[in-house]
Amino acid sequence: MKKIKEIILLALITLVTYPLIAQEISNTTAKVQPNLQWFRNAKFGMFIHWGLYSQLGGRWKGINYYGSGEWLMNRAKIPAADYAQLAKSFNPVDFNAEQWAQIAKNAGIKYTVITAKHHEGFSMYDSKVSSFNIVNATPFKRDPMKELSVAFRKADIKFGFYYSQFLDWHEGNGGGNDWDFKEEEKNYQKYYREKAVPQLKELLTNYGRLGIVWFDQPGGMSKEQTKQMVDSLHLLEPGCLFSSRIGYGLGDYLDFGDSEVPSAPIKEAWEGIFTGNDSWGFIEHDLNFKSSEEIIHLLANIASKGGNLMLNVGPDGKGSFPSYQVKFLEQTGQWLKKYGESIYGTTYGLIPPQPWGVTTSKPNKLYLHVFQSPTDLILHVPFINANLLRISLLGTNKKLSWKKDDNNLLIQLPHALPDNRDAVVEIEYEGEQRDFAINHTQTISRQFPEIYIPVVQGDYEGMAKNITLTSSHYFGDWKHDNCAVNLKDTTDGIAFDLNILEPGDYRIILDYTCSHASAGQEGIVEVAHQKVHFLTLETGEYASNLPLMFIQQHIGLITISKKGKYKVIISPANALSKELFSLRNLILKPVQ
Ligand code: FHN
């Protein structure tokens with residue numbers, strides 16, 4: 001019970017804090033950091049979580065923990081005095097700063113952020129402020145942050161520090177440790193004054209020019225106090241960017257929740273942060289690493305919405321990167337060597353996501369990231385109004401033939417694409433290409449096995465609305481599902497505009513989650529005067545500390561006799577006492 005309470009508390013901190021931060025930043029127009037351009041162009045960053053927890057590898061007293069390994073002290077309620085003993089055996093003899101920088105360089109990484117101090121309170125650098133640091137308290141005695149700052153800069157990669165400004169489980173006055181220290185006896189101001197602020201000053205003074213200080217989890221300070229701290233720190237290095245998790249909208253760019261990508265493009269500078277497996281800190285028994293295909297899709301998807309991907313690596317206690325990560329990063333780097341032009345320095349895609357993939361843009365250029373080839377090899381690209389000059393496969397110099405039908409561009413693809421993960425088609429044009437990024441019309445083509453239409457593309461009617469449901473599998477491995485909710489009455493609905501390219505029969509599939517109370521209620525999908533009725537099926541209850549289960553329910557067939565524009569409306573069949581379900585995607589599957 002106690003454990004559940006803690007998990008819920010952590011979930012609430014994360015859930016409640018981040019959306020607020022995001023909202024405030026989005027609305028902040030007063031101050032714009034002048035030094036954002038490098039960050040906007042960079043697109044690919046490396047997050048590194050490395051600390052005393054790395055030597056535990058997710059295991060404590062014979063028990064394997066799953067999920068965020070850097071939270072082990074908190075999860076196992078290890079007394080601060082016992083945890084501090086871990087420093088005596090922390091000796092990362094395999095650590096080699098040049099090698100880490102080389103791995104990052106080969107991966108195409110442009111900036112890095114490493115944990116100078118995480119919630120455990122241990123300083124991974126030579127600190128005069130706290131002797132609980134890697135130089136004073138471990139047999140290693142070296143300052144890896146100094147070595148890394150030199151090596152990464154030499155590799156022309158911007159270097160920055162993560163610093164847990166509020167949570168510090170080692171300190172009596174720090175945030176978060178309620179198993180050793182009484183909450184009511186804590187003096188957060190004293191902790192900030194005596195540890196956090198002086199340490200941040202050390203980091204901003206002793207390690208050369210920093211790209212970023214990545215704050216995380218604000219707390220214990222008012223907006224005014226936070227602003228004073230930010231101003232005083234910015235004086236030390238005005239060009240250094242501060243992440244939005246400093247709180248109160250005082251950051252220089254926007255971070256969403258962990259592993260969260262916004263559903264639509266964002267014009268402000270932003271970053272999506274993802275774990276390499278299911279944990280930030282090293283976990284020996286977690287081999288669930290993202291493949292190069294997944295990393296490339298994340299990169300392209302995030303770039304298509306105007307952001308950067310900062311992908312985490314959790315080195316082990318000896319100082320080595322997990323071998324799967326080295327392999328997949330290397331493969332990603334090889335892809336970027338060929339296709340990097342379609343990622344680095346781009347802005348969000350002027351053409352919205354299509355059944356085949358996503359787009360990114362540069363002046364007079366569009367890049368089509370083809371994740372999936374159409375079976376007839378004719379790539380359909382809607383909304384093209386510019387005057388086209390040349391279309392080619394990036395990295396091959398191979399020109400592609402094409403024709404235009406109104407604003408629909410049809411490109412002939414070769415039988416074999418040069419890369420099955422993401423082959424990039426480059427379009428060069430003159431004149432203005434209008435921005436259709438948030439146009440909601442969905443292209444439906446029979447050339448793909450299934451077409452997913454996320455509910456963010458819908459128009460909401462009545463009381464229906466769009467929300468993000470955040471959940472986790474283990475601990476801190478957040479998943480975010482954007483859903484249409486609040487469909488309770490026949491006047492509440494979600495409508496999708498479709499451009500159906502070929503007539504034929506289509507199966508309607510609804511991808512949703514549904515609680516016990518909502519199950520068994522009747523809904524209707526209406527399209528082209530055809531009504532498909534369905535009953536909702538129970539998938540389980542929603543809780544942020546549990547996996548959120550979805551069902552892809554096949555509800556029936558429709559026939560489209562002519563190609564063209566159609567509207568699909570999903571709504572309750574009659575007035576309901578509970579909402580119908582939480583719908584994530586409408587899926588259309590062409591059937592023969
Ligand atoms: O609690 C931390 C977590 O350990 C990790 O550092 C992530 C990275 O964004 N930030 C916090 C949770 O959001």
Side-chain angles (χ1 to χ4, degrees), residues 6-22 25 45-54 56-58 65-76 78 83 111-122 124 160-170 174-178 212-220 242-247 251 253-261 270-283 286 290 298 302 307-315 468 470-480 544-545:
E6 280 150 17
I7 294 173
I8 291 173
L9 182 70
L10 164 66
L12 282 177
I13 292 174
T14 312
L15 284 175
V16 171
T17 318
Y18 295 156
L20 282 181
I21 294 167
I25 282 275
M46 178 182 275
F47 214 173
I48 306 176
H49 276 67
W50 198 40
L52 292 180
Y53 46 80
S54 309
L56 297 177
Y65 287 75
Y66 288 77
S68 298
E70 71 289 355
W71 273 75
L72 197 48
M73 178 179 176
N74 177 300
R75 294 176 69 195
I78 306 173
Y83 193 86
Y111 66 100
T112 193
V113 170
I114 181 162
T115 47
K117 187 204 81 169
H118 203 267
H119 310 335
E120 64 179 359
F122 183 69
M124 288 293 283
F161 288 122
Y162 169 108
Y163 190 88
S164 174
Q165 76 268 33
F166 172 58
L167 294 185
D168 190 316
W169 304 324
H170 179 71
N177 183 343
D178 58 4
I212 294 174
V213 172
W214 214 93
F215 294 93
D216 200 6
Q217 305 251 39
F242 291 174
S243 71
S244 62
R245 293 192 189 172
I246 185 73
Y253 66 88
L254 184 57
D255 276 294
F256 288 86
D258 294 348
S259 310
E260 183 171 21
V261 179
W270 71 274
E271 176 182 68
I273 41 176
F274 279 79
T275 47
N277 49 358
D278 289 327
S279 170
W280 301 98
F282 175 69
I283 292 212
D286 179 350
K290 292 179 179 65
L298 260 181
I302 288 176
N308 293 356
L309 166 64
M310 182 157 76
L311 182 70
N312 186 68
V313 176
T468 296
T470 297
S471 59
S472 63
H473 284 184
Y474 295 129
F475 179 93
D477 51 333
W478 302 110
K479 328 278 173 212
H480 308 273
S544 60
N545 63 318

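Hydrogens, waters and symmetry mates are skipped; everything else that's a heavy atom, side chains included, is used. The chain is numbered in sequence order, starting from 1. Counting starts at 1 for both ligands and their atoms, following the listed order.
Expressed to the nearest 0.5 Å, how far CZ of F161 lies from CD1 of I114 amounts to 8.0 Å.
Scored by the salt bridge (charged side-chain N to carboxylate O under 4.0 Å, His left out) test, D168 finds K117, K195 as partners (sequence neighbours excluded). For D477, there are no side-chain hydrogen bond (donor to acceptor under 3.5 Å, both in side chains) partners two or more places apart in sequence or in a different chain.
If you check each of D255, D258, N74 against atom 12 (C) of ligand 1, the one with the closest non-hydrogen atom is D258. Nearest residue to atom 1 (O) of ligand 1 from H119, H118, H49 is H119 (criterion: closest heavy atom).
Considering backbone and side-chain N/O atoms, W280 never comes within less than 3.5 Å of an N/O atom of ligand 1. Taking distance alone, with nitrogen or oxygen atoms compared against 3.5 Å, W214 stays at or beyond that limit from ligand 1.
Atoms of ligand 1 lying under 4.0 Å from any heavy atom of E70, numbered from 1 in the order shown and given with element: 3 (C), 4 (O), 5 (C). Each of the following atoms of ligand 1 lies closer than 4.0 Å to a heavy atom of I273: 9 (O). Counting the atoms of ligand 1 from 1 in the order shown, those under 4.0 Å from a heavy atom of W71 are 1 (O), 2 (C), 3 (C), 4 (O). Within ligand 1, the atoms closer than 4.0 Å to a non-hydrogen atom of Y162 are 6 (O), numbered from 1 in the order shown.
Contact annotation: for R245 versus ligand 1, heavy atoms closer than 4.0 Å belong to the side chain alone.
Between F122 and H170, the gap from one ring centroid to the other reaches at least 6.0 Å. Checked against the 6.0 Å centroid threshold, W169 and Y83 do not count as a close aromatic pair.
If you check the side chains of D216 and Y162, you find a donor sitting under 3.5 Å from an acceptor.
Of all non-hydrogen atoms in G51 and M124, the two that sit nearest each other are CA-SD, 3.7 Å.
Between W478 and ligand 1 there is no heavy-atom distance shorter than 4.0 Å.
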